Amino acid sequence: MDASSSPKVVVIVATYNERENVQRLLPLLLQSPMRPGVIIVDDNSPDGTGAVVRLAAESAPGRVDLIERSGKLGYGSAFVEGFRRALECGADIIVTMDADFSHDPQAIPSLVAALGQYDLAIGSRYVGGIRILNWGMNRLLLSTAANRYINAILRFGLTDCTSGFRAYRSAVLRSIELGRASARGYAFLVEILEMAYRKQFRITEVPIVYTERETGRSKMSRGVILEAVFRPWQLLLRRLWTPR
Ligand SMILES: Nc1nc2c(ncn2[C@@H]2O[C@H](COP(=O)(O)OP(=O)(O)OP(=O)(O)O)[C@@H](O)[C@H]2O)c(=O)[nH]1
Ligand SMILES: [Mg+2]
């Protein structure tokens, strides 16, 4: 990062059937004080999300980049492609978030500010108390149990290992092997965390408020949950078998 000029911030959003959300989110991102570049990774959403992004890209030349994939290939690989594009574009700071307003774009500056002292800042729903709006008890139990489970296996000592609202210094993403992150769903977030942890990058959590989506549908599935059950064990084995 060049200390004399402001860092180049790029926000990556993965989308599948998020037309209405993306229509509202893109202007907010573009107006945000850091003037970030935006990369949308869309999986040929049948609802026409891609067309909305293309229009926004035309009205803000050079600020919005659309990666269009052939079909629903998964959350994890969408971010791997987004990371590669952001690094190619010379991003210093890469922010990842969901399109569904569960992640408030107004919280981006606090995540980025944490990179003054850290390499990876995780927007946490749980640090210092639970801040989640409109979740039922089952969803909350699933998420808190998942975090307890992951920490019991991998000992990160973090409250929210499955939060996808994060800011990375580009050095983190440049130094890890992105090709080794193969989880389709949210286990991908744990894989990336493990790789950053193993490389001894400085990781912190920043409190965020998480709000359940109002528009569009969740893509959470049984397959995604099963993958998240097995992947931490696989990561632990890899950690034990491969020296740092
Ligand atoms: N490109 C792409 N994006 C995806 C895919 N699956 C999910 N997403 C996006 O990833 C983000 C998170 O997905 P959600 O369905 O909101 O998952 P979630 O936030 O864990 O679940 P909910 O709390 O139920 O909303 C959203 O912006 C989705 O559109 C996928 O296969 N491909
Ligand atoms: Mg969501």
Side-chain angles (χ1 to χ4, degrees), residues 11-26 28-29 38-54 56 64-86 94-105 107-108 122-126 130-147 150 160-166 181-193 208-229 231:
V11 179
I12 308 175
V13 187
T15 56
Y16 191 74
N17 285 344
E18 303 283 7
R19 191 185 63 231
E20 284 179 49
N21 285 322
V22 128
Q23 212 153 18
R24 278 174 57 214
L25 180 65
L26 269 175
L28 295 175
L29 290 177
V38 180
I39 296 175
I40 305 284
V41 189
D42 185 64
D43 281 359
N44 198 13
S45 297
D47 76 346
T49 300
V52 167
V53 178
R54 247 177 272 119
V64 181
D65 192 356
L66 171 64
I67 300 177
E68 286 186 286
R69 308 198 303 168
S70 57
K72 193 172 184 318
L73 298 172
Y75 174 92
S77 65
F79 278 103
V80 169
E81 288 204 30
F83 287 154
R84 290 199 168 118
R85 179 70 59 90
I94 294 117
V95 175
T96 57
M97 66 187 294
D98 294 353
D100 58 2
F101 285 90
S102 289
H103 300 152
D104 180 354
I108 293 174
I122 300 176
S124 169
R125 299 163 276 196
Y126 302 115
I130 302 173
R131 287 169 311 277
I132 297 173
L133 303 178
N134 304 335
W135 260 10
M137 192 49 85
N138 284 349
R139 190 75 171 79
L140 182 63
L141 284 177
L142 179 67
S143 172
T144 49
N147 272 297
I150 292 160
D160 204 349
C161 309
T162 56
S163 168
F165 198 12
R166 297 178 174 180
S182 59
R184 273 184 75 89
Y186 312 105
F188 162 79
L189 293 163
V190 184
E191 283 185 303
I192 296 287
L193 190 54
I208 56 150
V209 177
Y210 183 97
T211 311
E212 174 62 322
R213 66 161 73 238
E214 285 180 4
T215 313
R217 288 178 56 185
S218 168
K219 282 97 207 167
M220 186 72 87
S221 66
R222 203 176 299 161
V224 162
I225 294 172
L226 264 183
E227 181 184 57
V229 169
R231 196 56 61 125

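Below, each value reflects all heavy atoms present in this structure, side chains not excepted, and no hydrogens, waters or symmetry copies. As the structure lists them, so they are numbered: ligands from 1, and atoms in each ligand from 1. Because the structure is a prediction, the values reported are computed rather than measured.
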Exercise. So do Val53 and Val22 actually touch side chain to side chain, heavy atoms under 4.5 Å?
Worked result: yes
Exercise. Any side-chain heavy atom of Leu29 within less than 4.5 Å of one from Ile108?
Worked result: yes
Exercise. Which class fits the ring pair Phe79 and Phe188: parallel under 30°, tilted 30 to 60°, perpendicular over 60°?
Worked result: parallel
Exercise. Is there a heavy atom in Gly74 that sits closer than 4.0 Å to ligand 1?
Worked result: yes
Exercise. Quick one: which ligand 1 atoms are inside 4.0 Å of a heavy atom on Tyr186?
Worked result: 13 (O), 14 (P), 15 (O), 17 (O), 20 (O)
For this session: Quick one: look up the protein heavy atom nearest atom 28 (C) of ligand 1 and list residue, atom name and how far away it is.
Result: Glu18 OE2, 3.2 Å
Exercise. Looking only at heavy atoms, is any part of Ala78 under 4.0 Å from ligand 1, and if so is it the side chain, the backbone, or both, or is it neither?
Worked result: side chain
Exercise. Looking only at distance, does Leu73 have an N or O less than 3.5 Å from an N or O of ligand 1?
Worked result: no
Exercise. Could you state the interatomic distance from CG (Asp47) to CG (Asn21), rounded to the nearest 0.5 Å?
Worked result: 9.5 Å
Problem set entry | Close-contact set for ligand 1 against Asp100 heavy atoms, below 4.0 Å | 16 (O), 19 (O), 25 (O)
Exercise. Is the closest basic N to carboxylate O distance between Arg69 and Glu81 below 4.0 Å?
Worked result: yes
Exercise. If we only count heavy atoms from C-beta on, is the Glu212 to Leu133 side-chain gap below 4.5 Å?
Worked result: no
Exercise. So which bit of Phe101 gets within less than 4.0 Å of ligand 1, heavy atoms only: side chain, backbone, both or neither?
Worked result: neither
Exercise. Can you tell me if an N/O/S atom from Asp100 lies under 2.8 Å from the Mg ion (ligand 2)?
Worked result: yes
Seminar exercise, completed: Contact region, Arg213 to ligand 1, non-hydrogen atoms below 4.0 Å, reads side chain
Exercise. Is the closest N or O pair between Arg69 and ligand 1 shorter than 3.5 Å?
Worked result: no
For this session: Could you tell me whether the side chains of Arg19 and Thr215 share a donor-acceptor contact shorter than 3.5 Å?
Result: no
Exercise. In terms of ring plane angle, is the pair Phe165 and His103 parallel, tilted or perpendicular, where the classes change at 30° and 60°?
Worked result: parallel
Exercise. Is it true that the side chains of Tyr126 and Ser143 contain a donor and an acceptor less than 3.5 Å apart?
Worked result: yes
Exercise. At a 4.0 Å threshold, what atoms of ligand 1 neighbour a non-hydrogen atom of Tyr75?
Worked result: 5 (C), 10 (O), 30 (C), 31 (O)
Exercise. Which protein heavy atom lies closest to atom 15 (O) of ligand 1, and at what distance to 0.1 Å?
Worked result: Lys219 N, 2.7 Å
Exercise. How far is atom 23 (O) of ligand 1 from its nearest protein heavy atom, and which residue and atom name does that atom have?
Worked result: Arg139 NH2, 2.9 Å
Problem set entry | Which residue and heavy atom of the protein sit nearest atom 6 (N) of ligand 1, plus the separation | Lys72 NZ, 3.5 Å
Problem set entry | Nearest-neighbour protein heavy atom for atom 32 (N) of ligand 1, which is reported as residue plus atom name and distance | Asp43 OD2, 2.7 Å
For this session: Determine the sole option in Leu189, Ile122, Leu193 for which the side chain to side chain contact (heavy atoms under 4.5 Å, CB included) test with Cys161 is passed.
Result: Leu193
For this session: Could you check Arg213, Arg24, Glu214 and say which one makes a side chain to side chain contact (heavy atoms under 4.5 Å, CB included) with Phe101?
Result: Arg24
Exercise. Are the charged groups of Lys219 and Glu18 less than 4.0 angstrom apart, N to O?
Worked result: yes
Exercise. In the protein, which heavy atom is nearest to atom 24 (O) of ligand 1, and how far is it?
Worked result: Ser218 OG, 2.6 Å
Problem set entry | Shortest protein contact, atom 27 (O) of ligand 1 (heavy atom only) | Ala14 O, 2.8 Å
For this session: Using a strict cut-off of 4.0 Å, indicate which atoms of ligand 1 neighbour a heavy atom of Tyr210.
Result: 19 (O), 23 (O)
Problem set entry | Check: Thr162/Arg125 side-chain N/O donor and acceptor closer than 3.5 Å | yes
Problem set entry | Nearest-contact summary for atom 4 (C) of ligand 1 - protein heavy atom, Å | Tyr16 CB, 4.0 Å
Exercise. Is the closest heavy atom of Arg184 to ligand 1 under 4.0 Å?
Worked result: no
For this session: Consider ligand 1: state whether an atom of it lies below 4.0 angstrom from any non-hydrogen atom of Met97.
Result: no
